[in-house]
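Taking it in order: structure first as structure tokens, then the write-up.
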Amino acid sequence: MSSIDTATLFSGQGIDVTSAVNQLVTAARAPETAWQQQQQALQSQGSALNQLNSDLSNLLDKINALKDISGALGAVNTTSSNSSVATVTAQPGSASGSHVLVVTNLASTSSYYTDPVATSSTPLTDGSSFTIQVGAGSPTTITLDSTDDTLQTLATKINDLGLGVTANVVTDATGARLALVANNSGAASDITVSSDTTGLNFTKAVTGTNAALTVDGVPVSSASNSVSGVVAGLTFNLVGSAPNTEVTVGVASDTSAAVSAVNDFVSAYNTAIQDLNAQFTYSAGSQTSGPLSADTNARLVQQQLLSFASLSVSGAGSFSTLGSLGISMNNDGTLTVDAPTLNNAVSGNYQDVKNFFQSASGFATNLSGQLSQLTDPTEGAFYVEIKQDQTTYKGLQSQIDDLETYIASEQTQWLAMYNQINVTLQQLPLLEQQINAELSFTNTKSNS
């Protein structure tokens, strides 16, 4: 800190108050430098910890895709020899195989319509009525009155009753007609309209019938054209009828999805290992390592990931290690996939590949459990450190804020004090003149 220029201190020029006070403020802020450096270090550590935590979470997602039976290893492809008659959809994990379908007829949805009237708001006869019956249910009588004596209000009344029927008004060149359509297809939802005294003259357009088909020679009746429950995990989608045509539908494991999921896991694993390695790599240029180079926890996580890659699975069949699937470890701990070996394993022995990852002691099952602990949102490997660093950072910021509050208060006093000193120093030459004049007057009087 520079000092006040004493050469001109008594010259009447005074002092530079702003400069003097700024020097005091700078000196008072000296402790902040160390605190701010600590904050910068904490920010670097926090950024690295959050990145590693994100890496582990992403790795957990990829390993769970291999662990879950409804995930990538459960994905299936389906085929149909005649998609204009029938197709098939399959739940993840469905058994591979083929089935022969013959579709005699499709399920139909029951419907009625009335003779046309002039418009949807043409008055109808009050007190007239008709009954609606859905399947074997009890008939419901609809009686017209002043609140529903047009086609539009009648349609609203029917819909509000919740009979399993949807009523609409259809208008064309001939006028407006009331249309009734069953909410579900099949014989059990067939509509019957009777006892009509309204003069609307209901006509049945479609009779509700069940689909008739055979699956592997077994007769099947279905109220819907989406037939599920016949073969576990499969839904047969009926598109058209072809009584004398056999349609073969097939289900097979999606090996490309499995290979892709394994590669995704390797990529996520490599990202985590590389980010961990970077923390312990010394840079000769900057003469520094990563912000977590002294972090024991990061080192332990690195060692744990490396041990994962060499895990051996027993009782899973043909494959017991990642190496047996064509996945090898490099010198830096990252993994490399030999594509032909992996493809051959998946295409040649898919079930054993699934067992390697998904069995009770399987690779994905084991790794998922350990990664879940590492990424636990309250007690995970890096969570506690992140929270501690955040607490320390806030504590340092509080110290900085408190010191700034103190300095602001002192600065006001320093300004007042130095302004007063400045005024006094500026008045010194005048005081000196006055004193000298007084002394001169006194000497003159004494001589006289």
Side-chain angles (χ1 to χ4, degrees), residues 60-103 106-107 211 213-218 220 222 224-240 242 245-268 313 315-319 322 324-327 337-368:
L60 176 60
D61 289 341
K62 302 307 180 186
I63 202 66
N64 279 341
L66 292 169
K67 183 197 77 168
D68 297 338
I69 59 173
S70 60
L73 293 184
V76 294
N77 290 322
T78 60
T79 57
S80 171
S81 64
N82 191 337
S83 58
S84 64
V85 176
T87 62
V88 63
T89 54
Q91 295 178 357
S94 296
S96 298
S98 61
H99 303 276
V100 177
L101 278 60
V102 176
V103 181
L106 298 178
L213 68 155
T214 62
V215 177
D216 297 333
V218 179
V220 174
S222 171
S224 170
N225 289 318
S226 179
V227 184
S228 58
V230 177
V231 177
L234 304 187
T235 298
F236 302 113
N237 308 299
L238 310 185
V239 182
T245 302
E246 290 186 345
V247 178
T248 301
V249 294
V251 179
S253 298
D254 187 348
T255 56
S256 63
V259 170
S260 179
V262 172
N263 279 298
D264 287 346
F265 154 70
V266 170
S267 177
V313 177
S318 305
F319 310 106
L322 288 177
S324 61
L325 291 173
I327 303 170
V337 179
D338 182 72
T341 302
L342 177 60
N343 289 332
N344 289 338
V346 171
S347 60
N349 204 336
Y350 194 80
Q351 188 57 50
D352 279 0
V353 173
K354 290 181 67 175
N355 290 340
F356 170 77
F357 285 106
Q358 296 181 347
S359 64
S361 60
F363 181 87
T365 305
N366 193 310
L367 186 52
S368 176

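Just so you know, residue 1 is the first one in the sequence shown, and it goes up from there.
What you find for L213 and V103 is that their closest heavy atoms are CB-CA, 4.0 Å. Shortest non-hydrogen contact noted between T235 and S226 is CG2-OG, 3.2 Å. The shortest heavy-atom contact between S96 and A252 is OG-CA, 3.7 Å. Listed here is the closest heavy atom pair of A72 and A257: CB-O, 3.9 Å. Across all non-hydrogen atoms, the minimal contact from V251 to A90 is CG1-CB, 4.1 Å. Considering all non-hydrogen atoms of both residues, A86 and V249 come closest at O-CG1, 4.3 Å.
The backbone N or O of N343 lies less than 3.5 Å from a partner atom in the side chain of S347, making a donor-acceptor pair. S253 contributes no side-chain N or O that, together with a main-chain N or O of T255, makes up a donor-acceptor pair within less than 3.5 Å. With hydrogens and angles disregarded, a donor-acceptor distance shorter than 3.5 Å links the side chain of D352 to the backbone of S318. Listed for the T78 side chain is a donor-acceptor partner under 3.5 Å among the backbone atoms of V88.
The shortest side-chain heavy-atom distance between S368 and L60 falls under the 4.5 Å cut-off. Between K62 and L66, every side-chain heavy-atom pair lies at or beyond the 4.5 Å cut-off. Using a 4.5 Å cut-off on side-chain heavy atoms (C-beta onward), T248 and V100 make contact. Within the 4.5 Å cutoff, the side chain of F356 has heavy atoms near those of the L322 side chain. Side-chain contact between V346 and V262 is absent, with no heavy-atom pair separated by less than 4.5 Å. Put simply, the side chain of S80 reaches to within 4.5 Å of the side chain of V247, judged on heavy atoms. When side chains are defined from C-beta on, F319 does not count as touching N355, because their heavy atoms never get closer than 4.5 Å. Under the 4.5 Å side-chain criterion, counting only non-hydrogen atoms from C-beta, H99 is in contact with L234.
Here CG of N225 is found 14.0 Å from CZ of F236. Values are rounded to the nearest 0.5 Å. Rounding to the nearest 0.5 Å gives a distance of 7.5 Å between OG of S98 and CG of D216. Remark: L101 CG to S81 OG distance equals 9.0 Å, nearest 0.5 Å. Rounded to the nearest 0.5 Å, atoms CG (D68) and OG1 (T365) are 9.0 Å apart. With rounding to the nearest 0.5 angstrom, the CG atom of N77 is 4.0 Å from the CG atom of D254.
Between F363 and F265, the ring centre distance stays below 6.0 Å.
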Practice item. Assess whether side chain to side chain contact (heavy atoms under 4.5 Å, CB included) is satisfied between Y350 and L73, documenting all intermediate values. Key: CA-CA 9 Å; Y350 194 80; L73 293 184; 4.1 Å; yes

